[in-house]
Amino acid sequence: MSPEKQLELLKRGAAQIISEADLLEKLRQNRPLNIKLGVDPTAPDIHLGFTVALQKLRQFQDLGHTAILIIGDFTAMIGDPSGRSKTRPQLTHDQVMANARSFRDQAFKILDPKKTKTVFNGEWFELMTFEEVIKLNSRVTLQQMLQREDFAKRIANNEPVRLHEIQYPIIQGWDSVKVQADVEIGGTDQLFNILVGRDLQKEEGMPQQIVFLMPLLEGLDGVQKMSKSLGNYVGVSEAPETMFGKLMSISDTLMARYYLLLLGEEMPGGHPMEAKKQLAFRIVERYHSRECAQAALNDFNTRFSKKDLASADLPVISLDGLAPDIVSVVVAAYAQAFQITKSRGDARRLVEQGSVQWAGEKITDPKATPAFAKGGELKLDKTRAVRVAG
RNA sequence: GGGUAGGUACCGAAGUGGCCAAACGGGGUGGACUGUAAAUCCACUGGCUUACGCCUUCAAUGGUUCGAAUCCAUUCCUGCCCA
């Protein structure tokens, strides 16, 4: 494919490219470019937000370029305590490696393994001497670092910024030098870090990498960016029904964003709910299978559109050894079926407020001891219901 | 090192001896209405309890007091100013 055509394709969905002219120049060299994407294996799950960048990387692969997936095992072990006083738990090397493995498996749902080089940045950072670290630091000024928005903001808010945090851009930048990146992909929040990579490459007398920024995907709340810690994410390895359900709960405005960023197309007209089912279907299909997507859609229709719990496929709980009152059963249901710890107070509240239904009937008396017939359905809250073993 | 301001529940933030499990706002959850949408309205939001109430909490420890988030001492942590 001609360089111009490639650029045309790659530009689609990108938030910012620095610069297009330079990228075109590289594409014209007619060789596989090194496309870098850094990941931080602090959590083992990939969510849809990260797939935006991964999909772009895949596109580069399809055009014949080489994906370089950098696993930040070194940085993950240091632990980044950004975000006020909360110190992130420092991970052991074993945890990081386990996360990295699971990360790679998930990433390969999108990437082409044959055209992907995975590298760990511990490979070079663990070998650096303190002298080399100091030298590396001497190339960047404090003022440059402080220009970064989140540092500036934290300083303005009188929040601490620790010295090692301002090394992150340098660390990430040095990765670019080590892997000889031609292009680095990242979210728009990565602009600064990627630019540092350019600076360091220039100092090393290397060609500078292209900054390739993808928009940040908002999480399920529609406001903040999708992240694990905010709990507003959809993981690519979540169960089909969960994934489908989460996607169905998003707002219409957010749906338009998801169409654009995840499917790369405009939201179709017609009833918004149909469009949303389409979206949920296609995403489940992408990460599971067509059959799973169909099953999730059917399940959704049964449970929510037709409100027919009786024929829905629900997790099964056992009542053995439980007190017969509704509160105890609800607590046990959350624990057994969803691994959620509910206090008895919470469970009682759900009952009193009319959320809990047994066999289609609301039960609002916390002392109630309905006869739990085997095979019956117990609705817990908006999205969760269970079936009694039998 | 010196000075100074602080550390309250998921977050922000009031409270400065009893009326404090702790105002208010955000967030979250449930209900009504819906399309598991948005908007709106209502309720709930430390644990145990049907309830009376009991228990654990306001950085930590120790103390004063009939009684402490509030007063005192020590310690830990953070910001700001000076060096």
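Residue numbering restarts at 1 for every chain, and letters A, B, ... go by the order of the sequence lines.
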Touch class at under 4.0 angstrom, heavy-atom based, for A/Ser355 against every strand present: sugar-phosphate
Watson-Crick or G-U wobble partner of B/C66, both distances under 3.5 Å: B/G18
Any strand: nucleotide that pairs with B/C54 via Watson-Crick or wobble, under 3.5 Å: B/G47
The reported gap from CD in A/Gln180 to CD in A/Glu204 (rounded to nearest 0.5 angstrom) is 10.5 Å
Using a strict 4.0 Å threshold on nitrogen-to-oxygen distance, state whether A/Arg344 and A/Asp325 make a salt bridge. yes
Using the C1' atom as the reference point in each nucleotide, state the distance between B/U61 and B/C52 in Å, no decimals. 35 Å
Write down the distance between CZ (A/Phe338) and C1' (B/U29), rounded to a whole number of angstrom. 16 Å
Separation of atom CZ in A/Arg384 from atom C1' in B/G30, rounded to whole Å: 12 Å
Excluding sequence neighbours, so at least two apart, what forms ring pair (Phe, Tyr, Trp, His ring centres under 6.0 Å) with A/Tyr334? none
Check this for me: does any side-chain nitrogen of one of A/Glu352 and A/Arg348 sit under 4.0 Å from a carboxylate oxygen of the other? no
Short heteroatom pairs, N/O only, protein and nucleotides 79-82 of chain B, under 3.5 Å:
| unit_1 | atom_1 | unit_2 | atom_2 | d |
| --- | --- | --- | --- | --- |
| B/G79 | O2' | A/Asn158 | OD1 | 3.3 |
| B/G79 | O2' | A/Asn158 | ND2 | 3.3 |

Expressed as a whole number of angstroms, how long is the span from A/Met248:CE to B/G35:C1'? 7 Å
Using a heavy-atom cut-off of under 4.0 Å over every strand shown, decide if A/Asp252 touches base, sugar-phosphate, or nothing. base
Can you measure A/Leu254 atom CG to B/A38 atom P for me and round it to whole angstrom units? 10 Å
Whole Å only: how far is the NZ atom of A/Lys246 from the P atom of B/A37? 16 Å
Hey, is A/Asp381 close enough to A/Arg384 for a salt bridge, meaning N to O under 4.0 Å? yes
Say you pick atom C1' in B/U56 and the same atom in B/G47; how far apart are they, in whole Å? 7 Å
Indicate whether any N or O donor in one side chain lies under 3.5 Å from an N or O acceptor in the other, for A/Thr302 and A/Asp299. no
If you measure from the C1' atom in B/G2 to the same atom in B/G15, how many Å do you get, rounded? 32 Å
Checking A/Arg154 against A/Phe151: charged group under 6.0 Å from the ring centre and within 45 degrees of the axis? no
A/His288 side chain to A/Glu238 side chain, donor-acceptor N/O pair below 3.5 angstrom: no
On RNA chain B, more 5' by nearest nucleotide between A/Leu350 and A/Phe304 is A/Leu350
Value in whole Å for how far the C1' atom of B/G26 lies from CG of A/Leu230: 14 Å
In whole Å, what separates the C1' atom of B/C19 from that of B/U70? 15 Å
With the sugar-phosphate defined as primed atoms, P, OP1 and OP2, and the base as all remaining atoms, what B/S/- string results for nucleotides 47-57 of chain B, 5' to 3', for protein heavy atoms under 4.0 Å? SSBS-------
Would you kindly check if the NZ (Lys) or CZ (Arg) of A/Lys228 is within the cone defined by 45 degrees around the ring axis of A/Phe50 and under 6.0 Å from the six-membered ring centre? no
Rounded distance in Å - CG (A/Asn232) to P (B/G26): 20 Å
So what's B/C33 paired with, Watson-Crick or G-U wobble, going by both distances under 3.5 Å? none
For A/Gln61, all residues meeting side chain to side chain contact (heavy atoms under 4.5 Å, CB included), sequence neighbours excluded: A/Arg58, A/Ala67, A/Leu111, A/Asp112, A/Lys115, A/Thr116
Take the protein atom CG of A/Leu220 and the nucleotide atom P of B/G28, then report the distance between them rounded to whole Å. 11 Å
My understanding is that only residues two or more places apart in sequence, or in another chain, count here; which of them pass side chain to side chain contact (heavy atoms under 4.5 Å, CB included) with A/Asp346? A/Lys342, A/Ser343, A/Arg349
Is it true that A/Lys11 and A/Glu20 make a salt bridge, defined as a side-chain N closer than 4.0 Å to a carboxylate O? yes
Could you check which residues of residues 272-287 of chain A get a heavy atom under 4.0 Å from RNA chain B? Sort them by number, please. A/Pro272, A/Met273, A/Lys276
On RNA chain B, does the nearest nucleotide to A/Gly354 precede the nearest nucleotide to A/Thr383 from the 5' side, or the other way round? Give the residue. A/Gly354
B/G79 -> Watson-Crick or G-U wobble partner, both distances under 3.5 Å, gives B/U4
Would you measure the distance from the P atom in B/C42 across to the matching atom in B/A51 and give it in whole Å? 25 Å
Pairwise P distance for B/G35 and B/A43, with rounding to whole Å: 26 Å
State plainly whether one hydrophobic cluster holds both A/Phe60 and A/Phe108, where clusters connect Ile, Leu, Val, Met, Phe, Trp and Tyr through side-chain heavy atoms under 4.5 angstrom apart. yes
When both distances are under 3.5 Å in a Watson-Crick or G-U wobble arrangement, the nucleotide paired with B/A9 is none
Taking the same atom, P, in B/A37 and in B/U29, what whole-Å distance lies between them? 12 Å
